[in-house]
Amino acid sequence: MSGSGSRVRSIDPATLPKHFDPAEAAARWGEAWEKAGVYAWDPQGTREETFVIDTPPPTASGSLHMGHIFSYVHTDIIARQRRMLGLNVFYPLGWDDNGLPTERRVQDYFHVRCDPTVPYDPDLQVEPATAKIRKGRARLVSRENFIALCDQVTVMDEEAFRDLWRRAALSVDWSLEYATIDDHCRRLAQLSFLDLFAKGHVYNTYAPTMWDVDFQTAVAQAEVEDRDLPGAYHRIEFGVEDSERSFTIATTRPELLAACVGVTAHPEDERYRDIFGKRAVTPLFRVPVPVFPSEMADPEKGTGILMVCTFGDATDVIWWREEGLELRQLVGKNGRLAEVTFGEEGFESLDPEAANRFYAEISGKTVKQAQKRMVELLGDPDGSATGNGAPLRADPEAIQHPVKFYERGERPLEYVPTRQWFVRLLDKKQELLAKGAEVKWHPPFMHARYADWTEKLSLDWCVSRQRYFGVAIPVWYPLDGDGNPDHERPILADAASLPIDPMSTPAPGYEESQRDKPGGFTGEADIFDTWFTSSLTPQIGSHWTLDPDRHARLFPTDMRPQAHEIIRTWAFYTIAKAMLHEDAIPWKHAVVSGWILDPDRKKMSKSLGNVETPLPWIEKYGADACRYWSGSARVGVDTAFDEKVLKIGKRLVTKIFNAGKFVLAQEAETHPVSAELDRAFVAELRALVERATAAFDEFQFAQALQETETFFWTRFTDTFLELAKGRARGDAADAAAQGSAVAALRLGLSVLLRLFAPTMPAITEEVWSWAFADETGEPSIHRAPWPSAADFDGIAGPDEAASLERAVAAWTAINKAKADAEVSSGREVESLTLAASADTLAGLAPVLSDVLAAARVHGHTLREDPTLEADAFRVEDAHFVERS
RNA sequence: AGGCACGUAGCUCAGUGGCUAGAGCGCCGCCUUGACACGGCGGAGGUCGGCGGUUCAAUCCCGCCCGUGCCUACCA
């Protein structure tokens, strides 16, 4: 165990810059990492040695904020730690660019609207819209041109995101980049549809569906949100056919009176029992409608009796279906009241002439306009069905009530009967719940969000959208002799032909010339819900059905990072897809990040105007400091944005830089760790590694960081380093003692750098490169082995576990004496007396010289004082050297 | 209205059935020290949201309440 004359010294501090420049280092290392392929996934790795991340594909809508940094850095920290564990990390990044967010951004950016009836213009050039252009009417462009503009904008937006990810030092493997609109993803999504069709999990049907009148598309349950809006109960008197009887219903949607197809009340409601089975007569339109009892009617609400319309709400749809009521659809796809004629089939009236006169007043109006006019009309006694005067029996009673909106929409959803494709899920709730329970959620309570949503699911998944920028549904329909499509017998695309667009490719067995001709075919114009594609991200990465070998290596994935507000969409649909396709779970762990809140604890979002854009912060504090901020927030916990944390991160980076500089500048003979103080430090270090590793195993990166950071400051730089400093510099004559100190300091630095590396990749790589890269043969710390027992091989434990603690206590006591005397803690001490219990003094002996050196004490006396508690020290009779 | 989470120092957050409840920032005092003034040392500051209960012992477990946030439900 001799140094045999070999010496260590790695750097001359004079050659290093005084301060660390994070921006310069980040740029330099970013380039080096990419060049060296540090983050490359090895396609030959087995499933066991591979760690697969199902990265969320961001919507590159052009708005970047700290929330993006926050959650993606969480994932990156895990990725880097798993890579250091020796795992073959599969860490792709995709872009979820299809769907409405992109369409909306394109509409705004160019001030255009898609109109499928406009012919394609191959030479179309559109400049970004100016404020002046936006004042005019939007330019109408063809479907093909619109899609091309979407492609153009997504490429541009993705560049901004890609730059941010690089600046944040995300260790993604860019060779695995994909976009949900690219050929591979379109192919996968269409293959998914074919598989679901073959297994009987999809169907198309004509039914009332939630419809956004602005975007003019169907939407799924998961995309619907309630908003509290002011409304009003309108009390309207109805008559009863062949009777003097009348009753008053209460409704918030008087504009749908002409769509009334029934009246209902609770079966036990004494007030209305006599008219069940009779026909009520609506005012104004004089339409007879059945009165029926229903358990769903609440006697406490309104007047206890209500009109059923096609369609005012979800309950109307149920009544309509269960009671087999007429369909009188008034609200059209554009949100305006359709033109109808009373007296014709489906719109029977006891007085068609009056009905049509009244209806003419609201026909073609928007729902809102129609309501206003309707209230006026209801004030007209001529409209009464009973002869009791104006049908509106009271002033409207203002209420506040929840109204369903498409989450991105501006006007309430309407139920409009349309033909849509659905994935059948309602009959599989139990299986979906079982699959959700198989996934390990972090934090565990996030599982409740999934289970809650799944249990309360009330509609199958509507996957068709009447939009343009997205993945086409790969079907056609044969046309009969009259040109009517047969939706019951869709023609499916051949799997080998995917991806295809049925609007530009003819159906198999047909010629393009037969498109939309009687006896020919028609293409499905709808596209898929964007979640239909993004729910396949695990399979997109694994090349499901296309490359079985790769699929076996990558599916199911290990980790799905995501935000909690999209558990009901992305997480739910991904679980559903994996189950329907392969009866599998898509990932073993779902790691759910919290939100970034502004200092007022409001969610940071574009619509609230409280977003912090990340680039200025990266420039001010450096990527490592921003990552430190992200990495200090625990999984699943909402976190307020706080600049103070960035400052702390930057301070830590500086401290690592300086500590590294000091440790690696020490020159000594090579010796093993042998001194008591050093062994005590190494024992603590070993325990730290165990705690940090255990935390990472459970995806608790914040805990690992906090443990490491606390240890770094309080056990390493502020204490051990200070206590061992003198010996390391060679103040003691003993070369072995000096070598031990240097070896322990270097081991401490090496281990701490590696523990910090996942969170702060640039500074740790920088310091690593000064010495350890060559020594270990690991050119990048990000491929270096994660600290483990192997790092401490051959180092004996301390004689007493508390040696370091005791040394610190004695040193602190001397420092306090200096503080009390208002002298610098660096002041030399001529002499002092150190009092402590006999046992404590005995325990201090092996580390005493380090304490005295650190405190710069020249002469000392030890005094036994049995009144002092264990490991308590008192400094007496201190005489300080006068400053020269 | 149900469910979930949260409520700890001025601020941002850790933490645990048991010594005297912690960190950083901020504040006060001292120290230009030899890796680091982008630093060091010392200090003040808390009825751990409230009320009950279980326990030898509760900030932690249980119940109720108050407050905050989120998810879900609620269009007559």
Side-chain angles (χ1 to χ4, degrees), chain A residues 13 16 18-20 225-229 231 233-234 249-253 256 263-265 296-298 301-309 311-316 319 399 401-404 412-413 415 443 445-453 455-456 458 564-565 567-568 594-595 597 599 601-603 621 629 632-634 636-645 647-666 702-703 706-707 709-710 713-714 717-718 721-722 725-726 729 811-812 814-827 856:
Chain A
L16 291 175
K18 175 116 178 94
H19 297 302
F20 178 62
E225 66 182 26
D226 286 349
R227 295 182 200 162
D228 254 344
L229 288 191
Y233 275 133
H234 301 77
I249 60 106
T251 180
T252 56
R253 302 204 60 180
L256 292 182
V263 165
T264 189
M296 283 186 288
D298 179 358
K301 219 166 174 178
T303 55
I305 190 163
L306 64 123
M307 68 171 181
V308 178
C309 313
F311 297 92
D313 63 22
T315 336
D316 280 349
W319 280 316
I399 56 161
H401 66 160
V403 180
K404 283 191 196 306
L413 289 171
Y415 283 86
F445 67 76
M446 289 296 179
H447 176 232
R449 302 272 177 97
Y450 172 84
D452 199 36
W453 172 256
E455 271 161 17
K456 289 181 177 166
S458 60
H564 53 66
E565 79 273 21
I567 288 175
R568 71 175 185 175
W595 279 344
L597 311 173
R601 302 205 66 81
K602 295 267 180 293
K603 189 195 172 188
Y621 292 102
W629 162 75
S632 19
R634 286 173 308 150
V637 174
D638 294 348
T639 304
F641 177 73
D642 186 359
E643 186 176 353
K644 284 183 305 193
V645 183
K647 286 185 181 165
I648 298 163
K650 184 163 187 214
R651 207 172 64 109
L652 177 58
V653 166
T654 302
K655 193 73 174 178
I656 292 171
F657 178 80
N658 286 314
K661 204 156 66 170
F662 172 77
V663 169
L664 295 175
Q666 300 311 306
Q703 196 191 328
Q706 198 196 328
E707 294 256 17
E709 183 190 11
T710 301
W713 286 103
T714 67
T717 61
D718 289 352
L721 192 150
E722 292 296 335
K725 189 188 260 181
R729 272 198 302 248
W811 181 46
T812 303
I814 300 171
N815 278 334
K816 183 147 170 37
K818 289 178 177 178
D820 289 346
E822 298 199 347
V823 302
S824 156
S825 50
R827 182 74 72 84
R856 296 174 200 179

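Bear in mind the structure is a predicted one, so any value in this text is a computation, not a measurement. Order of the sequence lines fixes the chain letters, A, B, ..., with proteins taken first and strands second; residue numbering starts at 1 for each chain.
Distance noted for atom P between B:G46 and B:U55: 33 Å (whole Å). Nucleotides B:C41 and B:A5 are separated by 41 Å at their C1' atoms, to the nearest Å. Separation of the P atoms belonging to B:C48 and B:C56 is 22 Å when rounded to the nearest angstrom. As rounded to the nearest Å, B:C27 and B:C11 have C1' atoms that lie 12 Å from one another. The same atom, C1', is picked in B:U16 and in B:U72; the two are 34 Å apart, to the nearest Å. For B:G17 and B:C36, the P atoms lie 43 Å apart once the distance is rounded to whole Å. The P atoms of B:G69 and B:U8 are separated by 15 Å, rounded to the nearest whole Å. Using atom P as the reference point in both B:A21 and B:C13, the two lie 23 Å apart (nearest Å).
Rounded to an integer number of Å, the gap from CG of A:Leu652 to C1' of B:C25 is 15 Å. The separation between A:Glu225 atom CD and B:A73 atom P is 11 Å, rounded to whole Å. Atom CD in A:Gln703 sits about 18 Å away from atom P in B:A23, given to the nearest Å. Going from atom CZ of A:Arg856 over to atom P of B:G34 covers 8 Å, rounded to whole Å. Rounded to whole angstrom, the span from the CG atom of A:Leu413 across to the C1' atom of B:C74 amounts to 15 Å. For the pair A:Gln666 CD and B:G34 C1', the computed distance is 10 Å after rounding to whole Å. For the pair A:His564 NE2 and B:U72 C1', the interatomic distance rounds to 15 Å; values are reported in whole Å. Atom CD1 in A:Ile648 sits roughly 13 Å away from atom P in B:A23 (whole-Å rounding).
Within 4.0 Å of A:Ala297, counting heavy atoms only, lies at least one base atom of the nucleic acid. The residue A:Phe657 sits apart from the nucleic acid: no heavy atom pair falls under 4.0 Å. Among the atoms of the strands shown, base atoms are found under 4.0 Å from some heavy atom of A:Leu721. Nucleic acid contact for A:Asp316: none, since no nucleic acid atom lies under 4.0 Å from a heavy atom of the residue. Backbone-only engagement by A:Arg568 is indicated by non-hydrogen atom pairs under 4.0 Å involving sugar-phosphate atoms exclusively. Nucleic acid contact for A:Gly312: base, since at least one base atom lies under 4.0 Å from a heavy atom of the residue. Among the heavy atoms of the strands lying under 4.0 Å from A:Pro402 is at least one base atom, whether or not backbone atoms are also near. No engagement by A:Ile656 is indicated, since no non-hydrogen atom pair under 4.0 Å with the nucleic acid exists.
When all heavy atoms of A:Met307 and A:Arg253 are compared, the pair lying nearest together is CE-O, 3.6 Å. Closest approach of A:Ala297 to A:Trp319, counting heavy atoms only: N-CZ2, 4.3 Å.
Below 30°, between 30° and 60°, or above 60°: for A:Trp629 and A:Phe641 the angle between ring planes is above 60°, a perpendicular geometry.
Here the NZ atom belonging to A:Lys725 is positioned 5.5 Å from the CZ atom belonging to A:Phe662, to the nearest 0.5 angstrom. To the nearest 0.5 Å, atom NE2 of residue A:His19 and atom CZ of residue A:Phe657 are 9.0 Å apart. One distance of note links CG of A:Leu413 with CZ of A:Phe311; it measures 14.5 Å at 0.5 Å rounding. Note that the CG atom of A:Leu306 and the OG1 atom of A:Thr315 stand 8.5 Å from one another [nearest 0.5 Å]. Taking OG1 of A:Thr251 as the reference point, atom CD1 of A:Ile305 lies at 13.0 Å (rounded to 0.5 Å). The CE atom of A:Met446 lies 5.5 Å from the CD1 atom of A:Ile567; values are rounded to the nearest 0.5 Å.
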Could you pull out the protein-nucleic contacts involving nucleotides 1-9 of chain B (nitrogen or oxygen on both sides, under 3.5 Å)?
none

Are there any protein N/O atoms within less than 3.5 Å of an N/O atom in nucleotides 36-43 of chain B, and if so, which ones and at what distance?
from: B:C36; atom 1: O4'; to: A:Asn658; atom 2: OD1; distance (Å): 3.4
from: B:C36; atom 1: O2'; to: A:Asn658; atom 2: ND2; distance (Å): 3.1
from: B:C36; atom 1: O2; to: A:Lys655; atom 2: NZ; distance (Å): 2.8
from: B:C36; atom 1: N3; to: A:Lys655; atom 2: NZ; distance (Å): 2.9
from: B:C36; atom 1: N4; to: A:Glu722; atom 2: OE2; distance (Å): 3.4
from: B:A37; atom 1: OP1; to: A:Lys18; atom 2: NZ; distance (Å): 3.2
from: B:C38; atom 1: O2; to: A:Thr654; atom 2: OG1; distance (Å): 2.6
from: B:C38; atom 1: N4; to: A:His19; atom 2: ND1; distance (Å): 3.3
from: B:G39; atom 1: O3'; to: A:Lys655; atom 2: NZ; distance (Å): 3.3
from: B:G40; atom 1: OP1; to: A:Lys655; atom 2: NZ; distance (Å): 3.3

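With B:G29, B:U72, B:C13 as the candidates, the nucleotide lying closest to the side chain of A:Trp453 is B:U72.
The nearest heavy atom of RNA chain B to A:Ala821 and to A:Ile249 marks one nucleotide each, and the one closer to the 5' end goes with A:Ala821.
Annotation: cation-pi pair A:Lys661/A:Phe20 absent, no NZ/CZ under 6.0 Å from the ring centroid and within 45° of its normal.
Side-chain atoms of A:Trp713 and A:Arg651, non-hydrogen and from C-beta on, do get closer than 4.5 Å to each other.
In this model, the phosphate group of B:A35 is approached by a side-chain N or O of A:Arg729 to a distance below 4.0 Å at OP1 or OP2.
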